[in-house]
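Have a look at the structure below before the remarks.
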4 protein chains.
Amino acid sequence: MGRVREAVSRQGEKGGKARATRALLLDAAVKVIGRKGYTGATVDEIVEEAGVSKGLAYYHFKSKAEMAESILDTGMGELADEFVEIAACADSGPSALVGMIERFAVKIFENKEFGRFFVSELWREGRVWSGSMRENEERLLGLIRDQLARAKAEGLIRPEIDVDFEAVALVGMVLTTSLYYIDEKAAVSKEAFIENIIDFVRHANVGTEQ
Amino acid sequence: MGRVREAVSRQGEKGGKARATRALLLDAAVKVIGRKGYTGATVDEIVEEAGVSKGLAYYHFKSKAEMAESILDTGMGELADEFVEIAACADSGPSALVGMIERFAVKIFENKEFGRFFVSELWREGRVWSGSMRENEERLLGLIRDQLARAKAEGLIRPEIDVDFEAVALVGMVLTTSLYYIDEKAAVSKEAFIENIIDFVRHANVGTEQ
Amino acid sequence: MGRVREAVSRQGEKGGKARATRALLLDAAVKVIGRKGYTGATVDEIVEEAGVSKGLAYYHFKSKAEMAESILDTGMGELADEFVEIAACADSGPSALVGMIERFAVKIFENKEFGRFFVSELWREGRVWSGSMRENEERLLGLIRDQLARAKAEGLIRPEIDVDFEAVALVGMVLTTSLYYIDEKAAVSKEAFIENIIDFVRHANVGTEQ
Amino acid sequence: MGRVREAVSRQGEKGGKARATRALLLDAAVKVIGRKGYTGATVDEIVEEAGVSKGLAYYHFKSKAEMAESILDTGMGELADEFVEIAACADSGPSALVGMIERFAVKIFENKEFGRFFVSELWREGRVWSGSMRENEERLLGLIRDQLARAKAEGLIRPEIDVDFEAVALVGMVLTTSLYYIDEKAAVSKEAFIENIIDFVRHANVGTEQ
DNA sequence: CATGAATGAGAATTCATTCAT
DNA sequence: CATGAATGAATTCTCATTCAT
């Protein structure tokens, strides 16, 4: 902590400490919520994980729900930003898709708690954050759809492909397999597994036409 | 109803009413738990949905956890049984797979609450039923793997296919897209959507090699 | 408790126990809230005073606020009902007013906690029960106003009297003096003190014109 | 302001800013406490209303209770001082009483939050300031009693009047009606309303004996 | 079988107060 | 003087479970 603070306090960083604490809490929250689910996680566990007092959590966040919303927003927002960048750099739809799938899988591999939280909230109704969840979800799906459409326009994938459907299918597939293979303390390396997804999708998209 | 009961209550049918009440409660439980998640659902809501008293729920089930376990066991067990039958009747691996995918999707379409419960518990640790969940999950995956292997042996799908991976991917894809398309009050018909999955998988499996 | 129950349980009194418990809780709540004020009173104290578990309080009342609202509604409602009866039986406006003042004072004397709660909530805004409080208050004031108007019509009080004003003044005077004289463990008897109020009001109303 | 401060900060004016901040906080505190009650008001709200930091509030006041005590002491003290002056200037008991009633009503009209706070604390036990509250209350009542006694001695009010009782009644009546008529965004002017009180009291005091 | 009142452990949230800067 | 992050004890409210009837 000492080091971090020194590094930051140099340049008029007012509120740097507050931001750091927020991040600390958010990190702890992802871990606990990912493990136990939103309702199952307790604020007590979160603050213990973060090593701060309970009051502090409520100083920084209005409620447990706000923490969760913040996690989802941040996580999905970052992912979407990266998708945008990947799309911009890629020289074709399919290569953008490969990049996105890879990025998505890696993110979940590196942060399985976030993945779990994400997947278990995806279909839940009546949460305070359901609205922003849907927005983020649609943004992510939209970015994938764009690249599928692009690939189609480029003539690089089968014209019969239903981009709306496939976008959803890709997300589900990546989510499910990633989470599955993290738990399998299996011999399966992250790379091998990502290779598998990409291979699967490529064949599904290109198909027999050639 | 009164008459029927009297007529049969003499014999083994002694527990007929009991069985009916259990089913009533279980139905209510899937609905509520599917909507709010296991921890989020309360026994009060469940019994209200079922229209019975709380005492009665505890007469039939030892605990809320037992209800949930029962739901999962029954639902996944039925599915597995049907998979077994489909596998037995199919004349080839791929046709068995198509049957399974179809059956799985239809089941979720007809009971989205079960689907939601299933997906949200899939990656959760530390539940009393985690063990039986894993078993059921493995049984389901095993049945799919078998058919993938069969298809491979039959030379009907690409030899490079990793059956372990694909079994998981299929489950995730079907789960995700089904749940997504139920929520979309969209114009997408169940049939059209299932067609999409099957088409996607067929191409992924057969690939360019032809 | 045993005796009460026996007395009640005889005649198909289903829910009699529930009603008794509600009353028990309400009694305890008036005491504690009257002593410490609404915000100052804790549910813990209330249930301890009632000798029941905390859960039970929330089984019977949705919230602490609902308890308070219930107290106010019941207390003010009873008072208003009695005012109606007094008005009906009285043979003149002034005699009705005397009856009301007396009744009001006695009620507070016998239940100072209710009086305190009442007076401290009278001017508070933004409570969940503020609405029903206003209604009850207006009902009470209206009944007093009616009798003032009647007395005026009967020519028994000065014609310049502003009935709107006086109704409020009477309530305030009775409330304040009653509460003051309860606390004074003084030698002042309830009767002597009520006599004082009535004398004061009579002169104010009849005045010098005679 | 900067210049002024520099010019005077040398001497006794050292605490000029401090005094200003205290006043700022006290003003904010009356507003919030009058609105929400003592226990209902939070230090956070008070400092926000005052536009200063929480630390500053605790620099100037030892505790929230001290703020409240200070408000009550100041407000009641000022009122008492004014009563003393009114008594000294008045040429008769009744005219002093009229002056006091008027002053009291005006004070509440101009600062309804103080009035609300006052009335809601009047009957509360167990506050740290309950002692000084009682003292102030008694001082106020004493000053009124003195003038009632004087009026009686002057033969200007009925001899049967119980001065102890009436002092309390006057305070309650003024408090209640003032607060009521402030809330009524009614057409009732402050002057007309005060006229009403005075007229009521005069008749009550002089009565039929003439 | 069936009811619903009752319990108590635990969870979310609030808030006066302290303290490093 | 001034700030606002941090604390922890107290408080409201929830909920699975039990039990008398």
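In what follows, every heavy atom counts, from backbone to side chain, and hydrogens, waters and symmetry copies are set aside. Protein chains get the first letters and strands the later ones, always in sequence-line order, with residue 1 at the start of each.
If you measure from atom CZ of A:Arg19 to atom C1' of F:dG4, you get 15 Å, rounded to the nearest angstrom. Here E:dT14 presents its P atom at 16 Å from NE2 of A:His60, a figure rounded to the nearest Å. Atom pair A:Ile46:CD1 and E:dA11:P shows a separation of 12 Å (rounding to whole Å applied). Taking atom CD on B:Glu45 and atom P on F:dT14, their separation rounds to 12 Å, with Å as the unit. Look at CG on A:Leu24: it is 13 Å from C1' on F:dA6, rounded to the nearest Å. The nearest whole Å value for the distance from the CZ atom in A:Arg22 to the P atom in F:dG4 is 17 Å. The NZ atom of C:Lys17 sits 17 Å away from the P atom of E:dT3 (whole-angstrom rounding). Going from atom OH of D:Tyr59 over to atom P of E:dT17 covers 18 Å, rounded to whole Å.
Scored by the side chain to side chain contact (heavy atoms under 4.5 Å, CB included) test, B:Thr74 finds B:Ser70, B:Glu78 as partners (sequence neighbours excluded). Listed by chain and number, the residues in a side-chain hydrogen bond (donor to acceptor under 3.5 Å, both in side chains) with C:Asp27 amount to none (sequence neighbours excluded).
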Mind listing the side-chain donor-acceptor pairs of residues 32-40 of chain A below 3.5 Å, one per line with the distance, residues two or more places apart or on another chain?
{"residue": "A:Arg35", "atom": "NH2", "partner": "A:Glu49", "partner atom": "OE1", "Å": "3.4"}
{"residue": "A:Lys36", "atom": "NZ", "partner": "A:Glu45", "partner atom": "OE2", "Å": "2.5"}
{"residue": "A:Tyr38", "atom": "OH", "partner": "A:Ala65", "partner atom": "N", "Å": "3.1"}

*Quick one, give me the B/S/- string for nucleotides 8-13 of chain F, reading 5' to 3', where B means a protein heavy atom under 4.0 Å from the base and S means that only happens at the primed atoms, P, OP1 or OP2.*
B--SBB

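Of all the heavy atoms in D:Met67 and D:Ala29, the pair that sits closest is SD-CB, 4.3 Å. Closest of all the heavy-atom pairs between A:Arg134 and A:Trp123 is NH2-CA, 4.3 Å. A pairwise comparison of heavy atoms in A:Val30 and A:Glu113 identifies O-CB, 3.3 Å as the closest pair. Between A:Leu72 and A:Asn136, the closest heavy-atom pair is O-ND2, 4.5 Å.
Sorted by first then second residue, the salt bridge (charged side-chain N to carboxylate O under 4.0 Å, His left out) pairs that include residues 63-76 of chain D, not counting sequence neighbours, number zero.
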*In dot-bracket, 5' to 3', how would DNA chain E read with Watson-Crick or G-U wobble pairs under 3.5 Å, [ ] for crossing ones and | for pairs to another strand?*
.||||||||||||||||||||

